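Encoded as structure tokens, the structure appears first; notes follow it.
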Amino acid sequence: MAEVSSWTMADMADLAPRDVFGKALIELARKNERIVALSADLMLSTKLKDFAAELPGRFFETGLTEQATVGVCAGMATCGLIPFFATFAAFAVMRVCEQVRTDITYPKLNVKIVGTHAGLSMGPGGTTHHATEDIAIMRSMANMTVLVPSDSIQTVKVLQCAAEYEGPCYIRLIRGLESPIMIYESVKKCPFEIGKAATIKQGNDVTIIAAGSPVVQESFVAANELEKEGIHARVIDMASVKPIDREAVIKAAEETGAIITVEDHSIIGGLGGAVAEVVVEEKPVPMKLVGIPDVYSTLGPPAELWARYGLNSESLVRTIKEFVGKIK
Amino acid sequence: MSEENRKKLVHELEKKAIKLRIMTLEMMRDSEASGHYGGSMSVMDILTTLYFGGIMRVSPVNPKWEERDRFILSKGHACAALCPVLAEKGFFSPDILPTFNKLDSPFGMHPDMNKILGCDMSTGSLGHGTPIAAGMAMAGKYLKKDYRVYVVLSDGEVAEGSTWEAIEIISHFKLDNLCATIDRNKYSLDGPTEGPGILGERGIEGTMTLEPIGKKLEIFGWHVIECDGHNFDQLLDAYEEAARVKGKPTMVIAHTVKGKEISFIEDKYEWHYGQFNSEQYRMALEELNNKLKQLEQKSV
């Protein structure tokens, strides 16, 4: 039997290579004393532990009281603070759904909800810990901004923009250990802004629109593979799912004539739905929505789950070839 | 405050609370609104004490004044009581009250902080106010401000899980700048909170047992004051005592009567929500005006 290393939750929190969220938030908080952070007994998992250690007095551990914690954030925001509340996406959206809607988006309060471990990234955690409905739920709330960064650098940029933006934000992060591919070179060169998409690969045969990790990376790899077969796919990183960059979607529809959306989320109401809403109104073209079908996801290692649901680059190459073949 | 001045204040509050009840009824009558008569009448003396008894520090000319005490009507369905209170306090003209419940009115069944001047939080969904109050109190400590946070709950919403989460949070963070009040009128929508339910033997035993609510809260680390929620002397004492308590939050359990001061709806769960006809408005207003007259004639 192979030697298995011994580790605890605390070690994992320290060893995680992409604990950018916790670090970036410390930087932002040092520049703005109104930023505070809250954890409902998940600071080790959400990487807020460093924040708590670095900025005592500005971190509030509220225990397993997610619903009340959202209310606490709302109350803090009415008094001028900018609370960042991080917990697993499944709880940050569904357990507290009405509190987010009634206490934060309805009065339009400056609260940032950070849903970590989104999509299937909790792998063996299974359905209770997968979040494949969060984008659909959050983007249906008026006044809510929904941001889905794809790599560490964009995560930093998204956090900066969210902190500067006055209003409710949902920031969707995955577990943070999965894709080693960096799309953006540096925070300075990362073109992210709220409401704007980034075209990370040019092409005029078909457009792939993706949001979040690892689907943006997988889409990028798939598009480069397709180049070898003479299919020139455009790849758009739609990290700002709401407000969506309508112009980028319309341009893609006009210039490439076909759009495929890729997301680690249900195909109902997520990025695919958001893109389709623009396409049907502005420039109807054939679309293909790739994501989790209308089922509860099974459990397993994340990479195998993404492969199961067609979200890895190999599956995407096949799906895109088939889609393009059918319509062109 | 001298004993004499205190007596004068109590007398002023007694008159004010009747006047405010008249304003609520006239507002609802003139806007032809249906509404929450029972809970609006039971909470009125609590609101009157907080806003006119020298308890809360607010600034009608500067509603968003950062140093103001915060108020959350967690039982948002008593908005029909809150609106006249804020108008009488001077946040806006009472002339606009008759738009209540009408299309695009700032006032309706539940308060909206972005439409009603002087309203610190939008409420209406029960169990939300106490967590929000906790956040305001935590922000006050963080920002080193000395404002106090007041939240008024219905007794029914004490059952909400989020209320208990907040009760724990408030105690855990020792938020002595927070004072909550339960408007303990003993009824929620489906009938009495405890004891035989409205269907008698065929039915349920109350909607949800609160008692012994005082003991429960004490075990959760709160300072608890029980008082008659229609006795201004006791209400003033309760809030003054709460402000002196250090290291823990205070819950005022104000024992009230649902529908207070309108005899034909007092203690009648049916009048949690409804609509008076013109005869009922006439009767209720006559009763309140007579009471006001008696109070005005009373020498202190």
Side-chain angles (χ1 to χ4, degrees), chain A residues 29 32-41 52 55-85 87 91 95-113 141-143 166-168, chain B residues 63-72 74 76 110-116 119-151 157 160-173 175 177-178:
Chain A
N32 185 346
E33 64 172 22
R34 301 223 159 220
I35 291 176
V36 295
L38 294 94
S39 165
D41 204 9
L55 300 168
R58 299 178 63 175
F59 171 79
F60 301 92
E61 172 66 77
T62 46
L64 287 165
T65 64
E66 293 88 353
Q67 296 172 48
T69 302
V70 170
V72 167
C73 291
M76 287 176 158
T78 67
C79 300
L81 300 188
I82 308 172
F84 278 73
F85 171 39
T87 185
F91 314 138
R95 182 161 192 122
V96 300
C97 185
E98 197 224 354
Q99 275 80 9
V100 172
R101 180 266 205 180
T102 303
D103 301 347
I104 293 176
T105 56
Y106 160 47
K108 206 179 178 193
L109 293 174
N110 197 12
V111 174
K112 318 299 171 184
I113 305 282
M141 296 184 191
N143 291 333
E166 174 96 21
Chain B
K64 298 278 176 197
W65 180 40
E66 283 192 14
E67 312 300 323
R68 74 189 185 282
D69 289 339
R70 266 62 172 184
F71 177 77
I72 303 167
S74 191
H110 306 107
D112 183 333
M113 65 182 281
N114 290 320
K115 293 182 183 163
I116 303 174
C119 172
D120 290 323
M121 188 65 203
S122 307
T123 50
S125 177
L126 295 172
H128 287 230
T130 315
I132 293 160
M136 290 177 174
M138 287 158 81
K141 298 253 179 198
Y142 175 74
L143 295 167
K144 299 193 168 49
K145 292 192 181 289
D146 69 351
Y147 64 73
R148 291 181 59 75
V149 181
Y150 293 90
V151 55
E157 73 170 314
E160 295 277 6
S162 51
T163 299
W164 286 101
E165 288 181 358
I167 284 168
E168 291 180 311
I169 290 172
I170 291 163
S171 167
H172 180 81
F173 286 96
L175 301 177
N177 53 348
L178 185 153

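Just so it is clear, the model here is predicted, and its values are computed rather than measured. Chain A is the first sequence line, chain B the second, and so forth, proteins listed ahead of strands; every chain is numbered from 1.
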Original post:
Do we see a donor-acceptor contact under 3.5 Å between the side chains of A:Thr62 and A:Thr69?
Top reply: yes
Original post:
Checking heavy atoms, do the side chain of A:Val36, its backbone, both or neither come under 4.5 Å from chain B?
Top reply: side chain
Subject >> Engaged part of A:Cys79 at the chain B interface, taking heavy atoms whose separation is under 4.5 Å >> reply: both
Original post:
For B:Arg148, does its backbone N or O pair with a side-chain atom of B:Asp69 as donor and acceptor, under 3.5 Å?
Top reply: yes
Original post:
Does CD in B:Glu67 sit with more than 12 non-hydrogen atoms of other residues, nucleotides or ligands closer than 6.0 Å?
Top reply: yes
Subject >> Atom pair CZ (A:Phe91) and CD (A:Gln67), whose distance is rounded to the nearest 0.5 Å >> reply: 12.5 Å
Subject >> Most chain A-contacting option - heavy-atom pairs closer than 4.5 Å, from B:Ser122, B:Ala137, B:Ala134 >> reply: B:Ser122
**OP:** Would you mind telling me which of B:Asp120, B:Leu143, B:Ile72, B:Asp112 has the largest number of heavy-atom pairs within less than 4.5 Å of chain A?
**Re:** B:Asp112
